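Heavy atoms only: backbone and side chains are in, while hydrogens, waters and symmetry mates are out. Note that the coordinates shown come from a computational prediction; the quantities given were computed from them, not determined experimentally.
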Amino acid sequence: MLERAAGARAAKEARGLPTGRPAKLNATTRAGAAQRIKDGAIPEQVAAELGVSRSTLYRELRKHREGATAEPVGQEG
């Protein structure tokens, strides 16, 4: 079973398809949640409305912050 799973994963990677579990929140939802918390919303309420746990919300917000602070590759000047 492990060999079949590894083969399927390798085949998806070779075709350029994503592997693993899909993300719970997309970039737009992360940005909206970050803005709501910045505007004063309680993180527990935002997490409940999005249908995720508080720890998942914080992890996704960290991804949002890291993505916002990363500089574009190849962009100079």
Chemist: Rounded at 0.5 Å granularity, tell me how far NE2 in His64 sits from CG in Leu57.
Modeler: 11.5 Å
Chemist: Nearest 0.5 Å, please: how far is CZ in Arg4 from CE in Met1?
Modeler: 7.5 Å
Chemist: Evaluate the side-chain proximity of Arg65 to Arg62: yes if any heavy-atom separation is below 4.5 Å, no if none is.
Modeler: yes
Chemist: Run the salt-bridge test on Lys63 and Glu66 with the 4.0 Å N-O cut-off and return the result as yes or no.
Modeler: no
Chemist: Check this for me: Ile42, atom CD1, are more than 12 non-hydrogen atoms of other residues, nucleotides or ligands nearer than 6.0 Å?
Modeler: no
Chemist: Taking all non-hydrogen atoms of both residues, which atom of Ala33 and which atom of Leu50 are closest, and how far apart?
Modeler: CB-CD1, 4.0 Å
Chemist: Do Gln45 and Arg36 come close enough that some side-chain heavy atom pair is under 4.5 Å?
Modeler: no
Chemist: Checking salt bridge (Lys or Arg N to Asp or Glu O under 4.0 Å) between Glu60 and each of Lys24, Arg30, Arg54, which is the one that passes?
Modeler: Arg30
